[in-house]
Structures are given as structure tokens and as C-alpha cells.
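Given the structure is predicted, the values throughout are model-derived calculations rather than measurements. Just so we're on the same page: letters track the sequence lines, and every chain starts at 1.
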Amino acid sequence: MLKYIMKRILAIIPVVIAVSFIVFFIMDFVPTDAAVTALGDGATEEELEYYRDTHGLNDPLPVRYVRYMAGIFHGDLGTSYANQMPVWDLFFDKFPNTLRLALASVVVTVLLSLPLGILAAVKENTWVDTVCSTISFVGLAMPNFWLGLLLIMLFAVNLHWLPSTGAEGFKSLILPAITCGTGNMAALTRITRSSMLDVLRQDYLRTARSKGQSERNIIFGHAFRNAQIPVVTQIGIQMSTLIGGAVLTERVFAWPGVGAFMVDSIQKSDFEVVTGFVIMLAIFVSLVLLLVDVLYALLDPRIKAQYSKN
Amino acid sequence: MKKEKDTTISVKENRAVEIWRQYRRNKGAMVGLAILILLILVAIFADVIWDYNTDIIDMRIGNRLAPPSWEHPFGTDNYGRDMFARIGYGTRYSLLIGFASVLIGTLIGVPIGAISGYVGGKVDNVIMRIVDTFTIIPSLLMTIILVSVLGTNLFNLMIALSISTIPVMTRITRASVMVARNNDYIESARAIGAPTATILLKHVLPNCFSPILVQATLRVGSSIISAAGLSYIGLGVPLPTPEWGALLSASKSFIIKAQHMCLFPGLAIMITVMVINLVGDGLRGALDPKLKR
């Protein structure tokens, strides 16, 4: 098992190299001049040229790429052009906020989706099922950031219950977490429902019923335990997209996370930040996906046996 | 000879009739299709229904931020423009971006996935690792980066969205091709020496049509949402173009005074995506009779 985890962690290295290559390559097409971003429009041509020279901006792409990659392994992601801070520090300044929002959103999603999905499966083809499916169907079509605006309208502007922006204290986390969380609800409800339906048709559940076990024990003790794998996979995928993809929610609520900062940096043409942030996000997304695979092993002894064999 | 040809046509017709018969049974899918056709008509004839210069972008400051009324069912915006006309006109942008970006992504993703799934081995390995790399970068971020590199306008937005559609279509095509290639009739086509391209185009891909079509339809909805999101943060279609995401972006400054500005564009996005998903679900049911829901 440990060997498997080590192997997977090592496998992240080529992914990081590939991602950084793609991002580096794309960024090279940007027609903006980093020296102008750093020194402002007032700088003279000599000053700009001096900056380009000292920061190695005149070197060819492969040279810059290799130098950049060498830096990554020392925790050096370059310096922001816009505010001269190390990109590494900027990332870890914003990342805890993003992680906090992602975790809170996953909690919201799980609390809403699992009961809805299980209920819809157990009461298959009844009005309960229809209501649950309709909720998830509407949720799937609702743009996340619009839901965020509606929540601000209701709870911040009209009722004055919760703050609409910022990241101070638990109260300010509620609306962003609901926004992100309900956005993912539809997918998780559907998956919970369908994987529960698969399991509910199995013979061993008929056996459990004929043994006279309580319905509650059958649903939670037998059925749900076996329906967990697709559910955990979906939660993992959602967690990984939340880490980098909560850009819009972060923007709506002025949440000081990684995504919102990246969009700001893009608008300021601060591409050193963009490149560094994408690479760091790729690393964390890979780690989350690895965590999901390890969770499989904890949930299902058959998978654990398979990991140990390899 | 002529008679034989007629039989093949009638078999194909029967298949289409059968799919339509299955599709018609799903009431939700029929309602979705009806509304979608209506939206497409509005999008096509937007220039006939509204005059772009007078109805859509001409400002009437005296009438600004008016709440919904008989004259202005969705109220007016901060420049006194009729929100109903602006949202109606905006249909063409959202539908165009949604359908065009998925079409481009499908046209590129399907051949890559087909080759990957059919050839297998090293080629498959290389293609799938590249696809994995693109999947690791969150797709919305990827789109944002691409738009900011290409420049913000309608065309670049479509290109950026289609690029994030490619990995999805590649995966689904690869998976269905891998199933289809093991069929006996493919084996016999290979045995009589048919070229690989012919086998792929004539025998393998037609059998993978259903999952690709269903996935593409459902993808249109998510592309529309992404496009609106990008316009919301100012990286999509710029104002004064009445794109729905751009309308929402403008509404944020008036969230206290004029909440109708925020309500109706969002509803328009939600209803459009909902009807497209209804059609997608209906197609899934009609094309794959094994799946009931």
C-alpha cells in the first residue's frame, strides 16, 4: 500500500512537467511585455531593456523553461511582476482560503445530496423520487454565480442576515459554501441515486431482507456501504475542481482565494503569477485524486488487496 | 439493383422513425424540444423582431432602472433599455456560443478519440496522457487563460470553450470505439483488407454515434453556463452586447436598487440550459432503449 502511494506521488512529477510546459507555451503567445507590467508605462526604453536583461526575459523559450523548472523544485515560482512578491508566498497566502471554501462546499454538497439521492433510490418511481430528481435537474441548469447573486440579494441585501463579501469569520463562509455546494449537488445526487439503485437490486439485499433485518440496517449497513465507491469518486472530482474552479464564486463574494487572485492577475497581465498558480493547482488536484484512490482502499478491502499486489 | 437501394433507405428511415417514436413518448423531452425550437427561432430572427440600434443599445436615461411593467415585462436597465428586448436578443449569442463551441470540440475530439481507441498501444497511451494533462487543469481556468491569451471577443470565447470540450469528447469516443472495435463485423472488414480509415468511418464510428451525440448535447448546456461565467468576470463578450453573462455582470452594481436586472438574465440561462438537457436526456432514452431513465 505504501509502495503504491509512493509510486503515485512520483507519477505526479511528469504531470507537473507536462502542465507547466503547456502553460509556459501558452503564456509565450501573450503579446504583453512583462517589463512594462513591472515598471509601468512611464519607464524609458533603457530601463525596460535593463529589466528584461536582468530578469532573463530576453533568453529563448527553452532556456527560460528549464530555468523555471529548476526553480520549482526549490520552491521558487518566480516573482510577481505587479507587486514584486514571490509567487510561492502569494499562492500559500491565498490557498488556505480556497481550501476552506472547498471543504465547506463539499460538506454542503454531501449533506444535501446523499439524503436526496438515497431517498430517491429507496422510493424509486414515486413522487418523492420525482421531487428529488427535479431538484437536481434544476440545480444542474443553474449557473453557480447567478445563484450566488440571488443569495446575496436575499440574505444580504433584503434580510441583512449574512455578509455579502469578504472572508472574516464563519458567517461570511456560509453563502459562498452554499453557492459552490448546491452547484455540485445535482451531479452527486444523480450518482448516489443510480449507484444505490444498482445495489438495491442485488441478491444479497433480498437475503438480508428475508433474514428479517430492519429496513434501516439494510439501506445504511448493506446498500450504502456498497454504493460508496462511485459516490466517493464524484466527491473527489468535485473537490479537485473546487480547488481551482471556484473562480466565479470567489469573484461574486470577493472571497480572497486562488481563483479570484488569478483572474485579477490575468487582467493585470501578471503572467508569472498565472503560470505558478496553475502549476501549484495541478499538483494539489493530483494529490486530491490520489487521496480518493487511497480512500477506495480504506472503503473496499478488495481494492486494497489489488493495490498491495501491484 | 434499384430495388436493393430502396431497401437500405427504408431501413435507415425506419431507424429514424423508431428513434422519433421513442423520443415522442418522453413528455419532458417534447416540451424541451418545443421550447428549444422557439429559442432557436428567436435567435435567428432577433434582427427582425428587434432593431439592434434603437431597441437594444439606444439609451433612454429618463426611464432607467424601471421595475417590470406591462410596457417592459422584465423592467429596464441602468441606461433605460428594455431588458426583455436585450435578453431576447441575447438568445443568439448564448445559443451560438454553446452549439458552435461544442461542434468544434466534437469535430476535433472525435477523430482523436477514435484513433486512440482503435489503434491502441503506444499511440493510445500518448494521446490519453495529453488528455489527462488537460483534465488536471480545471477546465474553467483553462478557458479563462486561453481567452486572456487570445483576446476577449465572441470568436475567441468559442475557440477557448471548444478546446475544453475536446478532452471530454475524446474520452467518450475512445471508450465507445474500444467496445465497437471488438465486434465480429469489424474483424471481417479487416480480414477482407479494408483500409483503416474506411473501417473507422464506415463501420466503427456509426456505431458510436449515440453516446457521442448525447454527450455533445449535454455539453452545450455546460458551455452556455461557462460562457456566461466568463462574460460575468469580463473575459467573454463585452458590453453593450446583450450577452446574458454580461447582463448579469452589469446587474451587480444595482443589486439593491434594481433586482430585476439580476433575476431575468439568470432565468434565461437556466431555462435554456434546462431545455437543452431535457432534449439530451430524451435523446439518450430514444437512442438507447436499455436505459429507461
Side-chain angles (χ1 to χ4, degrees), chain A residues 12 14-19 21-23 26-31 124-125 129 133 137-138 140-147 149-150 152-153 156-158 164 194 240-248 251-252 258-260 262-263 266-267 269 271 274-275 277-279 281-283 285-286 289, chain B residues 28 129-130 132-152 163 218 221-222 224-230 232-235 244-245 248-249 251-252 255-257 259 261-263 265-278 281 291-293:
Chain A
I12 294 177
V15 172
V16 172
I17 293 175
V19 167
F21 184 75
I22 291 173
V23 178
I26 294 174
M27 288 304 165
D28 204 56
F29 277 107
V30 183
E124 194 197 354
N125 294 332
D129 186 16
S133 303
F137 190 75
V138 173
L140 198 65
M142 202 170 200
N144 241 356
F145 60 100
W146 181 55
L147 176 66
L149 289 173
L150 292 183
I152 289 180
M153 224 153 83
V157 176
N158 294 351
S164 63
S194 67
S240 66
T241 45
L242 279 171
I243 283 178
V247 185
L248 292 173
R251 272 297 279 247
V252 170
V258 171
M262 272 186 76
V263 175
I266 286 174
Q267 280 160 348
S269 309
F271 291 111
V274 179
T275 312
F277 273 39
V278 172
I279 293 170
L281 287 174
I283 294 174
V285 169
S286 311
L289 296 178
Chain B
R129 289 299 81 76
I130 296 172
D132 282 347
T133 311
F134 273 93
T135 326
I136 288 286
I137 306 174
S139 69
L140 188 63
L141 267 189
M142 192 68 201
T143 316
I144 289 175
I145 292 171
L146 287 169
V147 169
S148 65
V149 170
L150 296 168
T152 50
I163 288 176
L218 296 175
S222 56
I224 289 177
I225 291 182
S226 301
L230 257 74
Y232 177 79
I233 53 176
L235 288 171
W244 294 337
L248 281 176
S249 177
S251 81
K252 209 191 167 186
I255 201 159
I256 298 173
K257 279 194 216 153
Q259 299 187 339
M261 269 181 74
C262 169
L263 191 65
L267 271 179
I269 300 172
M270 195 173 91
I271 290 170
T272 307
V273 175
M274 231 148 79
V275 299
I276 291 171
N277 287 350
L278 277 173
D281 280 348
L291 276 172
K292 271 199 205 125
R293 330 182 8 148

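Residue A/L289 touches chain B through its side chain alone, counting heavy-atom pairs closer than 4.5 Å. For chain B, the nearby part of A/I22 is the side chain; its heavy atoms alone come within less than 4.5 Å. Only the side chain of A/L281 comes within contact range of chain B, with at least one heavy atom under 4.5 Å from a heavy atom of that chain. Residue A/V274 touches chain B through its side chain alone, counting heavy-atom pairs closer than 4.5 Å.
Note: A/I266 CD1 to B/L141 CG = 7.5 Å, rounded to the nearest 0.5 Å. Rounding to the nearest 0.5 angstrom, the gap separating the CH2 atom in A/W146 from the CG atom in B/L248 is 8.0 Å.
Between chain A and the options B/G151, B/G221, B/A228, B/S226, the largest number of non-hydrogen pairs under 4.5 Å is found for B/A228. Between chain A and the options B/L230, B/L267, B/I224, heavy-atom pairs under 4.5 Å are most frequent for B/L267. For chain A, the option among B/D132, B/T272, B/L235, B/L263 with the highest count of heavy-atom pairs below 4.5 Å is B/L263.
B/Y232 pairs by the ring pair (Phe, Tyr, Trp, His ring centres under 6.0 Å) definition with A/F145, not counting sequence neighbours.
Nearest heavy-atom pair across B/K252 and A/V252 is NZ-O, 2.6 Å. Considering every non-hydrogen atom in both A/V285 and B/I136, the closest pair reads CG1-O, 3.8 Å. Considering all non-hydrogen atoms of both residues, B/T133 and A/V15 come closest at CG2-O, 4.5 Å.
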